[in-house]
Amino acid sequence: MSTDARRDAFRARLRVALTRPRDVAALAVFRMAFGAIVTISAVRFAAYGWIDQCFVTPRVHFSYWGFGWLPLPSPLVTYVLFALLGVLGLLVAIGLFFRPAVAALFLLFTYLQLIDVSNYLNHYYLVSLLAGLLFFIPAHRAWSLDARFRPHIRSDVAPAWCTYLLRFQVAVVYVNAGLAKATTDWLLNAQPLNIWLSARTSLPVVGPYLDLPAVAYVASWSGFLFDTSIAFFLLWRRTRPVAYLAVIGFHAATHFLFPAIGMFPVIMIVAALVFFDSSWPRRAVERGRRILGVATAAVSPPPVGVSGFSSRWAGFGIGAAVLFMTFQALWPLRAHLYGGNVLWHEQGMRFSWRVMAREKNGSVTFVVRDPKNGREWHVSPTKYLTRVQEREMVGQPDLILQLAHHIARDFAAHGHPGVEVHADARASLNGRPAAILVDPRADLAREADGLGGKRWIHPAPAGPPPLLRPVGSRTL
Amino acid sequence: MSSRPLSALLPVLAFACLLGCKGGGVGGAGGNAGTTGAGGNVTEDGAVTLSRADLLAAFGTCAAAGAHDFREAAVALETAVAAWGTAADDATRAAARDAFRTAMDRWQVMEMMQFGPTAPGTAFGAQDFRDNIYSWPRVSRCLVEEEIVARTYESPQFSTVLLTNKRGLGALEYLLFYEGSDTACGSTSTAVAGWMALSASEKDARKRAYAVAAAHDVAVRAVGLDAAWDPAAGNFVQTMRTAGTGNPVYPSTQDALNAVSNAIFYIETEVKDMKLAKPLGLDMMACPNEICPELRESLFAGRSKANLVANADGLRRLVAGCGPDYSGLAFDDLLEAVGDGAQAEALRTRAAAIRPTIDAIEEADLDQALIQDKPSVRAVYDAMKGVTDIIKVDFATVLDLELPEGVFGDVD
């Protein structure tokens with residue numbers, strides 16, 4: 001067989017495998033859960049006052065590089081957008097106007113995240129990606145109001161690539177979260193878990209045990225091994241049930257120990273369902289009915305294994321999917337191009353799934369000098385930022401740069417054009433003594449932002465982080 | 001199913017192991033072979049041990065002592081001001097002013113201890129005493145003068161009719177120390193005409209009456225604050241000692257520690273950035289000139305420098321200890337106990353270094369010092385920054401503390 005023939009045969013087999021019809025039930029359940037999560041998240045934001053605190057109160061917003069042109073919504077519009085987000089989540093969950101709803105959800109959720117970098121969270125990024133992927137996935141062909149009201153779209157099957165794409169995305173999160181922990185800080189020095197667990201000795205049940213020296217090491221290695229391997233164990237049918245129990249246990253533990261990670265455990269527990277067989281919801285329903293004694297006809301899965309979906313768009317779709325997957329596989333690794341410690345310089349940190357990878361605090365005072373008269377001012381970030389924005393900014397040099405530019409513009413507007421803006425910025429990473437983060441000699445007002453390496457960031461402090469002795473809560 | 005994924009079982013195994021290990025008695029505090037100079041116990045291997053409960057109780061005891069001291073001073077102030085109100089002469093005025101200075105000195109120590117009942121706003125356990133006793137920087141001479149014209153201070157509902165920026169120690173400072181008969185109100189104030197119509201003696205009489213009412217209100221608040229901390233009454237010390245599961249105020253010891261560390265940030269936001277940076281001209285928005293003495297804290301009593309001394313004292317009580325010569329349990333002991341002795345020493349040293357810089361200011365107060373020796377005031381600012389740099393970076397990291405107002409939203 002010639003090379004061309006072998007290539008054609010491979011393409012044909014790949015196409016058959018990717019377009020093979022599979023039960024749509026799992027995708028429909030995923031759609032429902034995803035929509036519900038988005039709605040709950042929107043309600044949480046409103047209920048906890050986070051719309052005000054994250055979007056309305058800040059007077060300065062940090063923009064993503066290349067997205068500074070995005071218009072900022074007024075407070076009223078922000079509230080309306082969150083209400084709309086909640087409604088869109090609901091529409092996705094019930095499968096009504098699914099395609100336009102999920103497209104609007106993707107655009108709206110992504111827009112809200114792009115408003116301010118200091119609001120960035122890995123799981124928000126994941127929600128955006130999943131919403132974007134769902135737009136291409138016919139998860140509304142069953143168990144949806146669309147399917148009820150528009151019979152012609154009803155189908156019990158969806159092409160296999162839909163499931164593969166979602167599995168890939170979830171696996172990317174886990175594997176990269178694991179790789180991010182393959183550091184000497186995490187594995188050899190048990191940091192930052194040593195710091196975090198040391199502060200939680202008053203937790204019920206487990207708290208008294210957190211002052212054991214070995215706990216942070218066991219937890220660090222458990223987390224590392226879990227993240228790096230769980231996707232593979234979920235993929236393997238024989239280990240899948242136990243692996244999923246581990247997923248639930250792991251994320252429940254993280255929620256218990258670190259409540260501030262909010263919706264992340266729920267999102268990952270739901271997202272990991274994509275690894276199950278595509279008919280699992282039908283079997284679960286049938287089992288439930290059997291347990292409840294509800295006599296109905298068996299809900300048998302649709303036949304699978306028959307090739308289909310040979311539309312002329314299949315090749316184009318597969319190509320696009322491959323491009324997306326390649327990007328998703330490589331993009332988190334870009335931090336390595338910058339060299340040094342990404343947890344320190346933060347270049348390539350975002351969108352790389354470095355979840356709970358570092359404990360970092362900092363202090364920044366901007367020193368503004370007018371070269372014309374030598375006058376000097378000290379500017380505290382609190383003049384411009386909320387405390388939460390400040391907390392994010394002090395450890396992220398690109399945000400320090402953005403605020404420096406803003407300060408220069410503000411001084412110009414107040415009659416001091418052309419000022420120099422220097423940063424007295426110190427940070428502590430994983431418990432190390434504070435070190436200078438930004439070259440204090442650099443005039444940040446004249447440094448450009450961009451994707452290139454930032455020479456004005458000081459190298460990370462050398463040496464291992466300290467291992468702390470946890471302090472118990474009860475009276476000695 | 002002959003094989004099980006090891007990683008999937010690891011969290012369960014790890015937890016089971018921990019339970020077993022704890023049973024072996026590995027953990028715990030260890031022996032108490034001695035004590036550190038500051039307050040923690042020292043084990044035979046040299047490690048400092050303490051419990052978070054003991055530390056929190058120490059903070060509570062410190063705040064309770066401060067509240068009690070202030071109560072005594074506030075009651076004395078009430079008495080002295082009442083005497084001045086009854087028989088206005090130089091002697092009674094001087095006595096009232098002395099009582100004010102004592103009360104303010106003690107309150108400025110408490111300014112650093114705004115946790116528990118003393119905390120403002122919606123903080124854990126807050127009973128909103130702080131702004132009712134001293135609402136700086138939200139004090140306004142004009143607003144007080146408007147009330148002098150309106151005689152609102154005569155209302156039996158003094159404390160509810162008047163907002164906090166028209167009473168408390170801030171209003172008292174003006175009423176006791178400002179002897180001019182002019183008004184700070186601009187032409188837009190409806191009180192200007194009424195003020196001009198008052199004779200000098202009438203203004204003085206009204207100021208005295210206002211001061212009596214304000215001093216009484218401060219004393220009532222001081223008694224309430226003292227009671228909130230008092231073991232025989234509110235016993236908030238016990239609330240701090242028992243922080244953790246089941247505690248209605250602090251569900252965890254970390255929440256209680258955060259409350260105390262939030263209080264320490266007064267040294268940055270109020271002391272460094274307001275009391276010092278603004279008069280020093282380091283804040284472009286607040287001060288367009290080289291210096292702005294008019295932005296100092298104590299405009300009438302000339303106590304801006306003394307207030308800094310008291311703030312520095314309060315800071316040292318929290319970071320080094322509340323006992324004699326700053327001994328006893330404090331944050332430095334917690335740092336020692338977790339194994340970061342270097343930072344504990346740095347924190348102690350830098351906190352102690354503030355006072356000498358204040359003492360080095362030769363002028364009576366900051367207004368003259370800013371004009372005659374600005375670098376001496378700048379040195380105090382730098383000393384304060386030396387402490388805040390540690391608190392915001394190393395201290396917050398090692399103890400996993402949250403910055404004030406920094407706890408909302410999800411993370412990661």
Side-chain angles (χ1 to χ4, degrees), chain A residues 48 50 53-54 121-122 195-196 198-202 204 209 211-212 214-215 218 222 225-226 229-230 233 238-239 242-243 246 249-250 253 260-264 355-356 359 361-363 377-378 380 382-383 387-388 391 411 414 426-428 431 433-434 466 468-469 471-476, chain B residues 1 4-5 7-12 14 17-19 21-22 26-29 32 41 47 49-54 243-245 252-254 269 273 277 282-285 334 337-340 342-343 385 388-390 392-394 396-400 403-412:
Chain A
Y48 292 159
W50 296 346
Q53 289 160 331
C54 295
L121 292 181
N122 287 293
I195 292 172
W196 294 338
S198 298
R200 285 158 176 78
T201 53
S202 67
Y209 302 97
D211 62 6
L212 291 172
V215 171
V218 172
S222 299
L225 293 172
F226 173 86
S229 65
I230 195 65
F233 288 115
R238 291 181 65 186
T239 56
V242 175
F250 178 82
I261 60 175
M263 295 294 287
F264 185 69
V355 183
M356 299 199 75
E359 171 65 23
N361 286 288
S363 170
W377 298 270
H378 282 205
S380 167
T382 51
K383 290 282 175 196
R387 278 290 188 187
V388 173
R391 183 187 68 187
F411 269 70
H414 284 83
R426 300 149 203 267
S428 166
L468 305 179
R469 289 189 294 266
V471 173
S473 291
R474 297 296 113 211
T475 300
L476 297 177
Chain B
M1 295 289 284
R4 287 280 187 274
S7 65
L9 295 174
L10 263 176
V12 178
C17 168
L18 291 179
L19 295 177
C21 294
K22 184 67 178 181
V26 176
N32 295 338
N41 300 315
T49 64
L50 55 84
S51 82
R52 287 167 178 253
D54 290 338
T245 308
S252 72
T253 53
Q254 195 66 10
T269 50
D273 291 344
L282 291 172
D283 183 335
M284 184 266 287
M285 302 295 182
L334 184 58
V338 301
D340 199 345
Q343 195 194 139
K385 187 172 182 301
T388 60
D389 281 346
I390 289 185
K392 292 176 77 173
V393 189
D394 307 85
T397 301
V398 170
L399 302 181
D400 195 24
L403 298 182
E405 304 163 45
V407 191
F408 67 77
D410 295 342
V411 298
D412 269 309

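Each chain gets a letter, A, B and so on, in the order the sequences are listed, and its residues count up from 1.
Contact detail for A:Gly431 and B:Val398: the closest heavy-atom pair is O-CG2, 4.1 Å. Considering all non-hydrogen atoms of both residues, A:Val471 and B:Leu50 come closest at CG1-O, 3.1 Å. In plain terms, the two heavy atoms of A:Asn361 and B:Val393 that are nearest each other are O-CG1, 3.5 Å.
The parts of A:Pro433 that come within reach of chain B are both its backbone and its side chain, each placing non-hydrogen atoms under 4.5 angstrom from that chain. Looking at A:Ala434, the atoms closer than 4.5 Å to chain B (heavy atoms on both sides) sit in the backbone and in the side chain alike.
Here B:Met285 contributes atom CE and A:Trp377 contributes atom CH2; the two are 10.5 Å apart, rounded to the nearest 0.5 Å. Expressed to the nearest 0.5 Å, how far CD of B:Gln254 lies from OG of A:Ser198 amounts to 9.5 Å.
Your options are A:Ser428, A:Ala199, A:Ala427, and the one with the most heavy-atom pairs under 4.5 Å with chain B is A:Ala199.
The side-chain heavy atoms of B:Asp273 and A:Lys383, taken from C-beta on, include no pair separated by under 4.5 Å. Counting heavy atoms from C-beta outward, B:Asp394 and A:Arg426 have side chains that stay 4.5 Å or more apart.
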